[in-house]
Structure formats: C-alpha cells, structure tokens
Protein chains: 2
Amino acid sequence: MERRTVAARIHDLDAELTSAGRRAAHGLLGNYPLLGLAPVAEFAAGAGVSAATIVRFVAQLGFRSYPDFQRALREELEERSKSPLQRAATQAAGPSETSFLSGFLAQSARRLDETAALISPGEFETVCRRLAETKRTCYLAGGRFTDFLAGYLEAHLRLIRPGIRRLDGRPATSADQLIDVKAGDLAVLFDVRRYDPAMLEVARTLSRRKAHIVLITDEWLSPIARHARYCLPCRTETGRTWDANAVLLALAEAIIARVTELNWSTASERIGALEGD
Amino acid sequence: MERRTVAARIHDLDAELTSAGRRAAHGLLGNYPLLGLAPVAEFAAGAGVSAATIVRFVAQLGFRSYPDFQRALREELEERSKSPLQRAATQAAGPSETSFLSGFLAQSARRLDETAALISPGEFETVCRRLAETKRTCYLAGGRFTDFLAGYLEAHLRLIRPGIRRLDGRPATSADQLIDVKAGDLAVLFDVRRYDPAMLEVARTLSRRKAHIVLITDEWLSPIARHARYCLPCRTETGRTWDANAVLLALAEAIIARVTELNWSTASERIGALEGD
DNA sequence: TAACTTCTGTAACAGTAGTTCCACAAATAC
DNA sequence: GTATTTGTGGAACTACTGTTACAGAAGTTA
C-alpha cells in the first residue's frame with residue numbers, strides 16, 4: 001500500500017495545473033497541511049481563489065470528494081507524528097530521481113554546514129560584539145559580485161545602530177571616502193574570487209589608517225586576508241560555472257541576527273519606528 | 001481571546017467530567033489532536049461514545065460549536081509547527097553547546113530543504129526554459145530588501161543571454177520603462193513581506209500588457225501572486241526579528257546555474273570573453 | 001482581429017454534517 | 001426499595017458545507 005503524500009501528488013500535477021489551480025497549490029503548500037483541513041471556503045480565501053476552484057483542484061489530485069481529501073491529509077499527519085524517524089528515512093530514500101532544483105538546494109545546504117565548520121565561533125562572536133559597539137564608525141564595502149551584500153548588511157545595520165558608512169568600490173572616490181577613518185574603526189569587506197583589485201587597494205588604505213578589517217570571503221581567501229584582523233571564510237565552490245554566494249548572504253544574516261540580539265534595547269526602538277511608518 | 005490549548009482545557013475540566021465525557025477526553029488526548037479534526041461521528045466512534053456526547057463535551061470545553069473547536073485545534077497545530085524555529089532561535093541564545101553561528105546556519109540549511117519541497121520541480125524547469133529563450137525580452141525588478149537579488153540575477157543573465165532589462169522600483173520611472181513591454185515578454189519579480197506597493201503596481205502594469213510574470217516570494221505569497229503566471233515561493237521565516245532572504249539568493253543561483261546549462265553553447269562564449277579580459 | 005477554446009467565479013442546489021430533543025438508563029438519596 | 005436526579009444515546013431537525021451548472025472572462029489560434 002504505497003500511499004503517495006498529497007504534497008507529492010501536487011508536484012506530479014504541476015504541468016497540468018491552470019493558473020488558479022496553481023494558486024491553490026501554492027496556498028496549500030505554503031502552510032501545509034493546515035489549510036487543507038479547513039472548510040473549502042476558508043481554503044479558498046486563504047489561497048485567493050473561489051471555492052469552486054478548490055473543489056476542482058482536489059478532484060484533479062485524484063480525490064473523490066473534499067472530505068475524502070481531508071481524510072488523506074489527516075492520515076498523513078498521523079503517520080508523520082507517529083514515526084518521525086521512519087519518515088525521515090523513507091523521505092530520504094523516496095525521491096530517487098531528484099530534480100535539478102532539490103539537488104542544487106541540497107548542495108547549498110551542505111555548503112552552509114561546511115561553512116559552520118570553517119568559521120570559528122569565537123571569531124564570529126567577537127566580530128558581532130565589535131559591530132554592536134556604537135562608539136566606532138563602521139565602514140562597509142564589497143566587490144563586483146559582492147557589493148550588494150555590503151548593501152544588504154548596511155541597510156540592516158543602519159536600523160540597529162548609528163555610525164554606518166558605505167564605501168563604493170571605485171578607486172577614484174574611495175580615497176575621498178576614507179579620509180575620515182580613525183584608528184580602531186571597523187570595516188567589513190566582502191571579496192570573493194576573482195578578487196577585486198580595487199577592494200585590495202581599499203583594504204590597504206584602511207590598514208594604513210589602523211582600521212580593523214573584518215573580511216568575508218571564500219575558502220581560497222582573498223589577498224585582503226593579510227590585512228584583516230578578523231576573517232570569516234565561506235564555502236562557495238559548486239563545481240559548476242558559478243560559485244555560490246548565497247552562503248555569504250546567510251552569514252551576513254547571521255551577523256545581523258546576532259547584532260540585533262546584542263543591541264536589542266536600542267534596536268527594538270529603531271525597528272519599531274520602521275514598522276510604524 | 002483566551003489562548004489556552006485545548007489539552008490544557010481538558011485537564012482543567014477533569015473533575016467535572018462525566019464517565020462518557022471522560023472517554024471522549026481520553027480518546028482525543030490519545031491521538032491528539034487528529035481525532036478532533038475528524039467529523040463528529042468519527043470522533044464519537046473513535047472514542048466509543050455517541051455523537052451527542054462529543055458535542056456536549058466540546059461545549060463543556062467552552063466552545064460555541066464544533067467547527068469552532070476545530071478551528072482552535074488548527075490554530076494550535078499551526079503554532080506548534082512554527083515553534084521549532086522559535087525554540088531553536090531561543091536555544092541558540094542561551095548557554096548551549098552549539099554556537100550561535102552553527103545553529104543559525106543549520107536553520108538556514110533546513111529552510112533550503114523546506115523550500116525544495118515548496119517549489120514544484122516542473123515549474124522551476126519551465127521558468128528556466130523560458131529564461132533560456134532569447135527571443136523575448138526579460139525584465140527584472142525587486143522591492144525594498146530584494147532589489148539586490150534582481151540585480152544579482154540581472155548581472156548573471158546578462159552574461160548568458162541578450163535582452164535583459166532591469167526595472168527600478170520607483171513608480172515615477174517605472175511607467176517609462178514599461179512602455180516597450182510586449183505581450184509574451186517575461187518579467188522576474190522579487191517581493192517579500194512587507195510587500196512593496198510599488199512592485200504590485202509594476203506587476204499590474206505588466207499584467208495589463210500581457211507580460212508573463214515570474215514571482216519569487218516568501219511562503220505567505222506576495223499579492224503579486226494573483227498576476228503571476230509562475231510563482232516560486234521560498235521558506236523565509238526564522239522566528240526572529242528578520243526573515244531570511246538567503247534562500248531567495250540560493251534560488252536565484254539555482255536558476256542561474258540551470259539557465260547556464262540550457263544555454264551553454266552561447267553562454268560559454270560570452271563567459272569566455274569575460275574570463276579573458 | 002475574430003472565432004474558438006479553456007478557464008474561473010457566481011449562484012442555485014443537494015447532501016451531509018452538527019445540533020437538539022426526548023425517552024430511557026444509571027446512579028444517588030431518602 | 002422507591003423517588004428523584006443526572007447522564008446517555010437514538011432519531012428528527014436544521015443549517016451549513018460541498019457540489020454542480022452556467023455564464024462571462026481570459027487566453028489561444030488562425
């Protein structure tokens with residue numbers, strides 16, 4: 001009695017789904033399986049379609065009626081709660097023909113785990129504490145494909161604390177931007193291969209002015225590492241054409257989360273103001 | 001609104017329960033909360049009492065009707081499914097053996113796995129094939145915290161194929177940018193909560209001009225979903241202050257990888273030119 | 001652009017669920 | 001042991017939910 005889960009059935013259909021049917025599918029998958037246990041009207045409202053569409057969708061999944069469909073969901077939920085271990089086992093063994101996407105995302109997940117092993121927890125904590133201090137100015141910059149990471153970190157840190165300044169990577173302007181740098185100031189630099197010469201130049205200048213550099217880079221380490229006081233390397237290698245920078249963003253988000261925690265008293269006010277607007 | 005769980009309410013009653021009422025209680029607690037999500041008759045059969053007893057029991061618990069009781073159970077179940085994240089979040093804050101960073105990254109990894117389950121492989125593949133076609137112009141845009149994702153995707157797609165155009169989110173300028181849009185053109189939009197009204201406006205315009213929208217959003221689905229032909233939702237919830245957008249970047253990278261593969265013959269030339277410079 | 005096909009929501013319909021009433025059974029008090 | 005109270009299940013009733021038919025909208029093709 002090989003029972004396919006409802007979620008699996010949805011993925012099977014996928015090509016045959018109409019636009020409204022797809023919205024129903026996404027709604028259900030979005031908070032699975034609870035929306036399906038609600039009455040049709042509620043399911044419909046939650047997915048932003050009409051009740052009739054839900055009924056058609058359920059019929060398409062191969063159920064004779066909506067109550068029938070709900071029964072299947074309940075049984076599925078029962079299975080799941082009974083044997084969490086067994087479920088994990090069958091789930092792992094189940095989809096032998098993994099799709100490109102799930103394969104890629106699984107790889108991405110593994111890179112995250114490897115990164116956790118690569119970075120020393122103490123160093124991470126120290127960096128976050130330094131970022132949480134508001135006495136010193138904090139500079140941010142990134143290279144060709146990493147500048148947006150600096151921007152993302154900047155946008156969040158700005159909400160948490162004052163004294164954040166973004167540097168743009170162009171050599172011409174960077175000199176001007178750096179005249180205010182004081183000894184002991186903090187600078188977070190992103191740099192992955194093919195390493196940006198302009199970034200190296202910025203790092204040299206910062207180093208000369210005795211700023212403390214936090215370097216976020218890949219496993220092969222940017223040449224900036226020689227000037228960095230703190231270095232947080234990430235696993236980015238994919239074995240494909242492009243390296244994966246999502247790991248760097250995850251690290252940036254970890255930093256944001258930790259600094260938010262450390263500075264919660266001041267951060268909560270600022271964030272509250274944002275929510276209000 | 002009293003926020004007590006149903007199980008707690010049952011324990012409160014305990015003394016006042018009659019013999020049949022107690023059987024109902026034990027039945028429900030026995031496989032909680034699934035039996036309560038079944039129709040009354042089934043609940044009654046499962047507990048070995050009559051339907052009327054179940055109704056009385058539910059009334060005794062303080063619910064105005066059986067559907068009301070079921071709604072409470074569903075909400076409870078929803079809370080419960082959310083809490084592992086929150087538990088993990090608070091756990092990392094305490095003096096635990098795992099470091100903040102590795103805990104956070106492990107969570108990020110899990111979100112990736114969940115996202116893989118959320119997106120149907122077929123839809124992903126279709127989107128990639130559409131992006132690989134070079135006949136149609138492809139527009140890209142993102143909201144407040146996601147614009148950089150559009151930028152990242154743009155930068156890579158530009159290397160793979162011609163006909164890429166980036167839209168900036170400001171309503172004033174977007175109208176001008178959209179005058180060239182032709183029916184059947186493709187548009188990739190990023191939007192996560194708190195959803196950007198300007199992005200919705202852009203989507204509306206694109207929809208009116210019969211462009212095909214690919215929406216990359218979070219599990220709660222941006223309102224743009226109503227106008228989207230393809231929708232790729234990501235698990236972003238962290239149980240913390242900030243949602244996690246690294247998943248979206250990972251998805252974007254998956255798209256880049258797949259489109260590169262599909263268009264390898266033309267992409268390799270262009271990339272080769274970049275390497276050489 | 002027009003004809004055609006397919007899809008989607010509205011509204012009426014039908015069936016089944018939840019609810020209530022009543023008679024009977026248990027338990028307790030006298 | 002009888003009278004009274006309380007609890008229980010069967011059966012009728014009502015209301016709501018799932019279903020279906022239809023007409024209009026959207027999309028597709030020539």
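Naming: A, B, ... by sequence-line order, numbering from 1 per chain.
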Could B/Glu75 and B/Arg71 be called an ion pair, given the rule that one side-chain N must be under 4.0 Å from one carboxylate O? no
Could B/Arg111 and B/Glu114 be called an ion pair, given the rule that one side-chain N must be under 4.0 Å from one carboxylate O? no
Please determine if a side-chain N or O atom of A/Thr18 lies less than 4.0 Å away from the OP1 or OP2 oxygen of C/dT8. yes
Cation-pi between B/Arg165 and B/Tyr139: NZ/CZ under 6.0 Å from ring centre and within 45° of the ring axis? no
State plainly whether the residues B/Arg158 and B/Glu154 are in salt-bridge range, i.e. N to O under 4.0 Å. yes
Between A/Gly48 and B/Arg64, who's closer to the 5' end of DNA chain C by nearest nucleotide? A/Gly48
Which pairs, protein N/O on one side and nucleotides 15-18 of chain C N/O on the other, fall under 3.5 Å?
| from | atom 1 | to | atom 2 | distance (Å) |
| --- | --- | --- | --- | --- |
| C/dG18 | OP1 | B/Val40 | N | 3.1 |
| C/dG18 | OP2 | B/Val40 | N | 2.7 |

For residues 20-28 of chain B, tabulate all N or O donor-acceptor pairs below 3.5 Å that involve a side-chain atom, not counting sequence neighbours.
| from | atom 1 | to | atom 2 | distance (Å) |
| --- | --- | --- | --- | --- |
| B/Arg22 | NH2 | B/Asp14 | O | 2.7 |
| B/Arg23 | NH1 | B/Gly48 | O | 3.3 |
| B/His26 | ND1 | B/Arg22 | O | 3.3 |

Strictly below 4.0 Å, N to O, side chains only: are B/Asp218 and B/Arg193 in salt-bridge contact? no
State whether A/Ser19 places a side-chain N or O below 4.0 Å from either non-bridging phosphate oxygen (OP1 or OP2) of C/dC7. no
Using heavy-atom distances to pick each residue's nearest nucleotide on DNA chain D, tell me which of B/Lys210 and B/Ala52 is more 5'. B/Ala52
Looking across every strand, which nucleic acid part, if any, lies under 4.0 Å from B/Arg22 by heavy atom: base, sugar-phosphate, or nothing? nothing
Is it true that B/Arg161 and B/Glu133 make a salt bridge, defined as a side-chain N closer than 4.0 Å to a carboxylate O? no
Would you mind reading off the distance between B/Arg229 atom CZ and C/dT6 atom C1', rounded to a whole angstrom? 13 Å
5' to 3' contact window, DNA chain D with chain A (heavy-atom distance under 4.0 Å): D/dG18 to D/dT20
4.5 Å side-chain heavy-atom contact, A/Leu249 and A/Tyr152: yes
A/Arg23 CZ to C/dG9 C1', in whole Å, measures 11 Å
Is there side-chain contact between A/Glu253 and A/His156, with heavy atoms separated by less than 4.5 Å? no
Position toward the 5' end of DNA chain D (nearest nucleotide), B/Arg56 or A/Val58: B/Arg56
